Visitor: 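Provided herewith is a single structure, encoded as structure tokens, for subsequent inquiry.
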Amino acid sequence: QVQLVDSGGGLVQAGGSLRLSCTASGRTVRNRAMGWFRQAPGKEREFVGTISWNGASTYYADSVKGRFTISRDNAKNTVYLQLNSLKPEDTAVYYCALAPSYYGGNHDRDYDYWGQGTQVTVSS
């Protein structure tokens, strides 16, 4: 079993930055892709981005491309999501997820373990 713990959320003004972390325990995740999703109130969960098992490949949703960056430190079993130039519409609960493969997709069915989520609130 794998446990994922999301952290780093908070309240920030528009234009500000945050860095989210997701640390895995229970087994190593260095050979598996990881992804980030978010869910705003009253909306479905949506894909944010994904990073390959070795960090060499990343893919982002158009809505965050150029503003958000995913990275990972396999020695620490941790993946990061750097959020820059935040907008009020980025307000959501952010979830990390672990894929059962080297490369992840852009749908939640592509992932089999999930963090508990961390709240990001962007004020205007």
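Because the structure is a prediction, the values reported are computed rather than measured.
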Visitor: T78 and T23: side-chain donor and acceptor closer than 3.5 Å?
Guide: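 Yes, T23 and T78 have a side-chain donor paired with an acceptor closer than 3.5 Å.
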
Visitor: In terms of the angle between their ring planes, are Y102 and W53 parallel, tilted or perpendicular, with boundaries placed at 30° and 60°?
Guide: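 Judged by the thresholds at 30° and 60°, the geometry between Y102 and W53 is tilted.
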
Visitor: Hey, is the main chain of S57 close enough, under 3.5 Å, to the side chain of S52 for a donor-acceptor pair?
Guide: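 Yes; at least one donor-acceptor contact below 3.5 Å.
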
Visitor: Quick one: does any side-chain atom of R32 pair with a main-chain N or O of A99 as donor and acceptor, under 3.5 Å?
Guide: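 Yes: the side chain of R32 pairs with the backbone of A99.
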
Visitor: Are side-chain heavy atoms of N54 and R72 found at a separation under 4.5 Å?
Guide: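 Counting from C-beta outward, N54 and R72 never come under 4.5 Å.
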
Visitor: Do the non-hydrogen side-chain atoms of L20 and L83 ever get within less than 4.5 Å of each other?
Guide: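 Counting from C-beta outward, L20 and L83 do come under 4.5 Å.
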
Visitor: Return the minimal non-hydrogen interatomic distance between S85 and D90, and the atom names on each side.
Guide: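 Smallest interatomic distance, heavy atoms only, reads O-OD2, 4.4 Å.
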
Visitor: Determine whether Q116 and Y95 make a side-chain contact, defined as any pair of heavy atoms from C-beta on separated by less than 4.5 Å.
Guide: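 When only atoms from C-beta onward are counted, Y95 and Q116 do not touch, as no gap falls below 4.5 Å.
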
Visitor: Would you check if the side chain of T91 reaches a backbone N or O of V122 as a donor-acceptor pair within less than 3.5 Å?
Guide: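 Looks like yes, one N/O pair under 3.5 Å.
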
Visitor: Quick check for you: to the nearest 0.5 Å, what is the distance between E89 atom CD and K87 atom NZ?
Guide: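 Here the interatomic distance stands at 5.5 Å.
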
Visitor: Does atom NZ of K76 have more than 12 heavy-atom neighbours from other groups under 6.0 Å away?
Guide: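 Incorrect, the count does not exceed 12.
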
Visitor: Would you find a donor on one side and an acceptor on the other, under 3.5 Å apart, between the side chain of N77 and the backbone of R27?
Guide: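 A pair under 3.5 Å: yes.
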
Visitor: For residues Q1 and Q3, report the shortest heavy-atom separation together with the two atoms involved.
Guide: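 Minimum heavy-atom separation between Q1 and Q3: CB-NE2, 3.7 Å.
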
Visitor: If I compare all heavy atoms of F68 with all of L81, which pair ends up nearest, and what's the gap?
Guide: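 Closest approach of F68 to L81: CB-CD1, 4.2 Å.
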
Visitor: What distance separates Y113 OH from C96 SG, expressed to the nearest 0.5 Å?
Guide: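 So the gap between those two atoms works out to 13.5 Å.
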
Visitor: Under a 4.5 Å side-chain heavy-atom rule over Ile, Leu, Val, Met, Phe, Trp and Tyr, are F37 and Y59 clustered together?
Guide: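 Yes, it is one cluster - the side chains of F37 and Y59 are joined through contacts under 4.5 Å.
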
Visitor: State plainly whether one hydrophobic cluster holds both I51 and V2, where clusters connect Ile, Leu, Val, Met, Phe, Trp and Tyr through side-chain heavy atoms under 4.5 angstrom apart.
Guide: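 Yes, same cluster.
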
Visitor: For R19 and Y80, test the side chains for any donor-to-acceptor distance below 3.5 angstrom and give the result as yes or no.
Guide: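 Their side chains do not contain a donor-acceptor pair, so the 3.5 Å distance test is not met.
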
Visitor: Please report the closest heavy-atom contact between G8 and T118, naming both atoms and the distance.
Guide: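 Minimum heavy-atom contact is N-OG1, 4.0 Å.
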
Visitor: Consider only side-chain heavy atoms of I, L, V, M, F, W and Y, link residues closer than 4.5 Å, and tell whether V93 and L4 are in one cluster.
Guide: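 Cluster IDs for V93 and L4 differ.
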
Visitor: Side chains of L18 and Y94: does their closest heavy-atom pair fall under 4.5 Å?
Guide: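 When only atoms from C-beta onward are counted, Y94 and L18 do not touch, as no gap falls below 4.5 Å.
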
Visitor: Determine, stepwise, if the pair D62 / K65 fulfils salt bridge (charged side-chain N to carboxylate O under 4.0 Å, His left out).
Guide: CA-CA 5 Å; D62 287 344; K65 199 173 297 181; 3.0 Å; yes

Visitor: Are any non-hydrogen side-chain atoms of S71 and Q82 less than 4.5 angstrom apart?
Guide: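 Side-chain contact under 4.5 Å: no.
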
Visitor: Is the centre of the W36 ring less than 6.0 Å from the centre of the F47 ring?
Guide: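 Ring centres of F47 and W36 not closer than 6.0 Å.
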
Visitor: Do you know which two heavy atoms are closest between A33 and G104, and how far apart they sit?
Guide: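 Of all heavy-atom pairs spanning A33 and G104, the closest is CB-N, 3.2 Å.
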
Visitor: Do R45 and R38 come close enough that some side-chain heavy atom pair is under 4.5 Å?
Guide: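 No, their side chains stay 4.5 Å or more apart.
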
Visitor: Do T50 and Y111 have a side chain donor and acceptor closer than 3.5 Å?
Guide: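 Per modelled atom types, T50 and Y111 side chains form a pair under 3.5 Å.
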
